[in-house]
Protein chains: 2
Amino acid sequence: MKPKEIIQAAGIDRETLRFYETKGLLPKAKRTSSGYRDFPDSILDRLSFIKTSKDAGFTLREIKELIELKSKKVTCRNGRDIALRKRQEVLDKMKALREMKKILDCFVDACNEKGEKGLSRPCHFSFDTISCKFGK
Amino acid sequence: MKPKEIIQAAGIDRETLRFYETKGLLPKAKRTSSGYRDFPDSILDRLSFIKTSKDAGFTLREIKELIELKSKKVTCRNGRDIALRKRQEVLDKMKALREMKKILDCFVDACNEKGEKGLSRPCHFSFDTISCKFGK
DNA sequence: ATAAACTATGTACTATAGTACAAGCTCAAG
DNA sequence: CTTGAGCTTGTACTATAGTACATAGTTTAT
């Protein structure tokens with residue numbers, strides 16, 4: 001695949017594609033006679049994996065480490081253990097999100113409890129002290 | 001509270017405290033006669049809120065916006081709607097994390113399926129193509 | 001054949017979130 | 001009354017994840 005096809009299919013821009021390439025996150029591209037890059041179609045899976053991982057809050061460095069588990073230096077056992085640690089990080093992040101959701105729900109409830117008139121006025125409670133008096 | 005008490009209680013360092021202060025994330029500190037800062041105890045709630053928000057993947061800019069909902073310019077209705085949008089972002093992040101967890105689970109299962117001998121050898125499948133053939 | 005679109009490379013710039021000094025006050029203990 | 005821990009301000013530096021631009025070569029459509 002040529003750059004333009006890739007960036008259209010993956011929804012990233014040319015510079016980001018190159019940036020990921022310099023970071024070693026992408027499969028090696030063949031070169032045409034004139035030096036144009038020709039990536040394997042699998043690059044779309046790779047970019048999709050990068051996106052999912054980024055959305056999950058992992059850095060490009062971490063993503064690279066996951067990608068490199070395929071390398072022949074890493075045994076399945078080591079790879080599995082690394083994956084299990086990452087899995088735990090994911091669970092921790094989920095916990096943080098549940099906590100955040102709770103805080104936001106409480107804030108919303110506190111606003112709604114003010115009724116129609118209250119909703120039109122400034123709200124003087126703030127997130128950091130609200131700590132879910134509303135039993136959520 | 002004086003800086004040292006705060007950084008010990010909150011587990012951040014002096015420079016980070018000051019950095020947050022310059023970013024307008026912290027309550028105003030009174031000054032002692034000699035110019036030392038004296039923060040209200042509520043700073044610990046604030047720092048805790050910042051931590052939760054950061055763990056949930058929000059930027060300091062976003063966190064500041066949430067903190068400023070208390071300002072008198074914002075009605076409860078507007079504040080509530082902003083909170084509801086943030087809540088949706090949290091739900092989206094949760095979805096990304098579930099997706100990531102699924103990928104990691106599949107990788108772990110794929111490794112385990114190799115058995116004792118396989119676990120000691122390199123694993124040649126990678127995350128971006130594994131796409132949960134294992135029915136998770 | 002020539003202009004427009006596409007590509008490669010290199011460099012520079014941005015924003016975010018800190019982290020690391022350095023110089024100079026202040027306060028509390030010995 | 002001095003010494004060290006703690007404080008203030010300012011400045012500079014780092015890493016991450018891009019984004020923008022300039023220059024130059026290549027392909028494609030008219």
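We find that CG of A/Leu17 is positioned 10 Å from P of C/dT7, with the value rounded to whole Å.
A 4.5 Å side-chain heavy-atom check between A/Phe125 and B/Leu69 finds every atom pair outside the cut-off. Side-chain contact between A/Gln88 and A/Arg85 is absent, with no heavy atoms from C-beta onward closer than 4.5 Å. Side-chain contact between B/Lys2 and B/Ile6: absent, with no pair of heavy atoms (C-beta onward) separated by less than 4.5 Å.
Taking side-chain N and O atoms only, A/Arg31 has a distance below 4.0 Å to OP1 or OP2 of C/dT9. The side chain of A/Tyr20 places an N or O atom within less than 4.0 Å of a non-bridging phosphate oxygen (OP1 or OP2) of D/dG18. Taking side-chain N and O atoms only, A/Arg37 has no distance below 4.0 Å to OP1 or OP2 of C/dT7.
Here B/Glu99 pairs with B/Lys102 in a salt bridge; the nearest charged N to carboxylate O distance falls below 4.0 Å. Using a cut-off of 4.0 Å between Lys/Arg side-chain N and Asp/Glu carboxylate O, B/Glu21 and B/Arg18 are scored as not salt-bridged. A/Lys51 has a carboxylate O that lies under 4.0 Å from a charged side-chain N of A/Asp55, or vice versa, which qualifies the two as a salt bridge.
DNA chain C lies under 4.0 Å from no heavy atom of any residue of residues 38-70 of chain A.
Among residues two or more places apart in sequence or in another chain, the ring pair (Phe, Tyr, Trp, His ring centres under 6.0 Å) test is passed with A/Tyr20 by none.
Among the heavy atoms of the strands, none lies under 4.0 Å from B/Lys23.
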- prompt: For every nucleotide of nucleotides 21-30 of chain C, 5' to 3': is a protein heavy atom under 4.0 Å from its base (B), only from its sugar-phosphate (S), or from neither (-)?
  reply: B----BS---
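Cation-pi geometry between B/Lys64 and B/Phe58 is not met at under 6.0 angstrom from the ring centre and within 45 degrees of the axis.
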